[in-house]
Amino acid sequence: MDKGKAVMGSGRRWAVDFTDNSTTPSSRDFPDPPGFTRASPDQDDSTLSRQKKDAEANWKSQKAWEVAQAPFKNLLMMGFMMWMAGSTVHLFSIGITFSALWQPISALQGVGKVFEPYKDSKVDLLGPKLLFIALNLGGLALGVWKLNTLGLLPTHASDWVSSLPPAQEVEYSGGGIPLG
Amino acid sequence: MGVAIRVFVLLLFFSSTIPTFSLFEDQVGLMDWHQKYIGKVKHAVFHTQKTGRKRVVVSTEENVIASLDLRRGEIFWRHVLGTNDAIDAIEIALGKYVISLSSDGSILRAWNLPDGQMVWESSLQGTKHSKSLLLLLNAEVNKDNAILVFGKGCLHAVSSIDGEVLWKKDFSAESVEVQQVIHPLGSDMIYVVGFVGSSQFDAFQINAKNGDLLKHKSETLPGGFVGEISSVSSDTLVALDATRSILVTINFQDGNISFQQTYISDLVEDSSGMAVILPSSLTGVFGVTINTLTLFVRVTTEGKLEVVEKIDQEIAVSDALLLSEGQQAFALVQHGGEKIHLKVKLGHNWNSDFLRESIEMDNQRGLVHKVFINSYIRTDRSHGFRALIVMEDHSLLLLQQGEIVWSREDGLASIVDVTTSELPLEKEGVSVAKVEHNLFEWLKGHMLKLKGTLMLASPDEVAAIQAMRLKSSEKSKMTRDRNGFRKLLVVLTRAGKVFALHTGDGRVVWSHFLHSLRKSEACGYPTGLKVYQWQVPHHHALDENPSVLVLGRCGQSSRAPAVLSFVDTYTGKELSSLDLAHSIVQVIRLPFTDSTEQRLHLVVDADQRAHLYPKNPEAVGIFHRELSNLYWYSVEADNGIIKGHAIKGNCIGEVLDHYCFDTRDLWSIVFPSESEKIITTVTRKLNEVVHTQAKVIADQDVMYKYISKNLLFVATVAPKASGEIGAAMPDESWLVVYLIDTVTGRILHRMVHYGSQGPVHAVFSENWVVYHYFNLRAHRYEMSVIEIYDQSRADNKDIWKLVLGKHNLTSPISSYSRPEVVTKSQSYFFTHSAKAIAVTSTSKGITSKQLLIGTIGDQVLALDKRFVDPRRSINPTQVEKEEGIIPLTDSLPIVPQSYVTHALKVEGLRGIVAVPAKLESTTLVFAYGVDLFFTRLAPSRTYDSLTEDFSYALLLLTIVALVAAIFVTWVLSERKDLRDKWR
């Protein structure tokens, strides 16, 4: 209250100065806070920034290759799981086979998204993408192969004739032992 | 770990694929029913002791001895003797034993009267085939209460206490045909009378105490004798002379034999025809029938004959019943319109009836064949009578005080043939009130069931649940159901009566005693042969009724004229009947129907002419179109010949008959009569549906089944070994089985089982035959399987051709194109001897099959077809195991739980019929013999429907609970979200 009174006493109640003086050092009449060095971007060293960008691009392409190689581990893991599951049709083997089929498919659907963070004009993503697709196709092939070993693909003659009705007979014959 | 998982999965696989069909105790009677019968009654002995237990003991033509409740007609106890152990006579001895004489007078048994336990059995030896007679001696003559038995040419006196033979007198040396054994009341003499040759009459007087022959006299009558002797009194007999025109009164008093002859024409004017003496035991009176006329003739003390009554009608006469000292009563039953008249007369007073009753009688029962009377003392000390009558349709009725007290449909004990018929479709228009009521009932029922599942039900409620399950109105409705469980079983009995039984509860829906199969002047010995589905309407199922065809013949020889009758299966009315001019030897059901959906039938007569039915021009048109592809074959088991025939053209006769066709012989297979004798032939069921021609075996390989309806399985045995088991040595007995194509006569497969013999029971289905026989070397029964595969189709392995449909697997095949077949077979020991073998059949043929084996214990055993698979091996590979092949064992397992008859017996089992239901997983099984049994089987479990005890209420409750839970959690989460936002 005393403070307010003092202000009132000066005749001017309060005022806010809206002028932004952060970028106009000329109008600045107070020093910068300690530890703050004012530097404008256009003041940056051009060579330094190029170096930085190169490093980032390198890092991105490296990462992209890493991502592209990731399905390989998956593939190995899947292979192990499939071997574990055996070749009889049951819940476990079916689940593994279908996940083996589903993972590559979903991965292939999201190829763009997977490599989104590494998109750069300087980074060539074609190589990693192709590897990624190839590995996933490999995974898919493994899944299909597994499906086939489980006998769930119609690749045998038996799959096409198993519900074939018996052929009609031309002749008809009846009779037997005389009625007693 | 992988191995462990595999083993576990394999175990799971096996446990789920060898289904056991055991029922829980509370499931008995849910889908099965069992009915007990006894057959046509031959003898009846009443037992009305003062104990109050009123019973009658009967013996029947199905070799059953039973004790029936006189109040309700229920069976107290029953014994079914073997098929060749025919009962000759029954008596009650000592007031507590039922004595039965069976097997041509060679086996005498005593059964305890109250509970039917066997007390003793004696086997009486003899050499000669003869009449079998049973006679009780009373206590004053013989303190042992001896039973006199005449059988196999010997007279035995057997103690009724322990069945020991007291004495024996052999008559076989005397070459006498014994006709009667007479024991005069109160005397200690027995008279044995009979004929030597055709004209000599012999009388033997025997001491009843020790069997000593006291006197033997004989006298010759030049005219000769024929037929039966009727005993009129203790020393007078009546017989017919060889011409059947003279009645001979034989008096053998004091050992002197005298004959007195009376012409029948003296007694009655119209005496042309066969005279037959009625087998009755009235004192002083005997009965003679001449054609339809029945005469009762009294023999006066001087030996004169006088007619006391003349009845020009079919009648039945009972034996005399001793009322009191010297007073005899007997009953006569006559027909008169819709009623039958029961007259009880006293022996000494012919002119008046002691009792006269008229009883309304359903004319579906035919004539009265037998009557047995029994008297009781009424409250006013007068005699009352009850009569047990046996009707022409083999039913048994008890009459008392002018009413039918009870009746039993014992004709059902002798079923000849079975077919099925659909029930009417459900008509629309069910009232709302009914639906509401049903809904309420439904809910109530399900709530009760739910309580039962949750074990909250009280004992009363449990009983209510069980009663509800057993008496579900759903299963006995008179309409078709979606699953096809409700059907009509149309059965033909030996008496010629057709019954329709409801599959739901086994009740008789209708019965019809066919007029054409009743005994009449035109038709002396009518026999029902077969019953087939005649018309099965599909196009107009709502307005047309299905009908069945009943085939019979008038007489026992194969040349007797045939009888056809058509019966509506909804109403049981006979639509029409045909008395045919030709005979009936075979019936061939053709796979064609005319526009009214009547199936074409060929009836082959004894002259090898084929007659086409139905007789309409359209049928002839269809027949002519298919004529070139129709064949038939005949098996002459006695001559050892199988012949194939084709149809040549219309009959050549005086009158042109468009429906009669001549046939010509095409081929014949002659079995050498010195080494082979045909004992069994089996074909596939005509209506069997096969789902696929391919059999997928391990590694996705395919084998093509050789599926042909024209295959015949024939089993022959060495003539020496065609008798009983043990009659021939293993070295001289063999069993040969053949698979024969009946169009071309080609033998596709032949196999010899050395050291084996019949009887052979076989079943043929799809591409396999399973047969059951006896192995003399191993002293065990065996079952073998033959599977036939078509090798010529085996190269159809190119997938692209199959994918594009460029194969000839479904094109029609001809038997004339030489098939390349391979057969696989395997044999196994089987513990039981079999009475019948059948196989389950389902509507599409997808479900795996089970063999239904009628065992010697009169039960039906279900054996999975996978146990009789020729591809079984001792160590099946992993892949084969996965395919479901069971490791080979030397004998077939009999799992006690797989008896489909569970705890019940189908006494005298003769046949098993499997009918597909509409639901693919399910088959209906009907087993018949003296008893009837029906059940529903699911060989691979009911994979296509929920079981009956599935709790819908529980499901509903679960859904409601889940919805409530979802709602509650949703509200809670909303609240939590809101609270979080305020934070």
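To find a chain, count down the sequence lines: A is the first, B the second, and so on, and within it residues start at 1. Everything numeric here is computed off the predicted structure, so don't read it as measured data.
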Pick whichever of [options] has the most heavy-atom pairs under 4.5 Å with chain A.
options: His645(B), His691(B), Glu626(B); value: His691(B)
options: Ser628(B), Ser558(B), Gly644(B), Pro591(B); value: Pro591(B)
options: Val690(B), Ile584(B), Ile642(B), Leu602(B); value: Val690(B)

Can you tell me how far [atom2] of [Y] sits from [atom1] of [X], rounded to the nearest 0.5 angstrom?
X: Asn710(B); Y: Glu171(A); atom1: CG; atom2: CD; answer: 7.0 Å
X: Ile813(B); Y: Gln168(A); atom1: CD1; atom2: CD; answer: 10.0 Å
X: Ile177(A); Y: Thr683(B); atom1: CD1; atom2: OG1; answer: 10.0 Å

Sort [X] into side chain, backbone, both or neither according to what part of it lies under 4.5 angstrom from a heavy atom of chain A.
X: Asp741(B); result: neither
X: Lys695(B); result: neither
X: Ser814(B); result: both
X: Leu712(B); result: neither

Would you mind reporting whether [Y] and [X] have side-chain heavy atoms less than 4.5 Å apart?
X: Arg553(B); Y: Leu179(A); value: yes
X: Tyr704(B); Y: Val161(A); value: yes
X: Pro166(A); Y: Lys705(B); value: no

query: If you count heavy-atom pairs under 4.5 Å with chain B, which of Ser173(A), Ser93(A), Pro154(A), Pro178(A) comes out on top?
result: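 With the most close heavy-atom pairs to chain B, the winner is Ser173(A).
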Q.
I need the minimum non-hydrogen distance between Gly175(A) and Gln586(B), along with the two atoms involved.
A.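 Smallest heavy-atom distance, with atoms named: CA-OE1, 3.3 Å.
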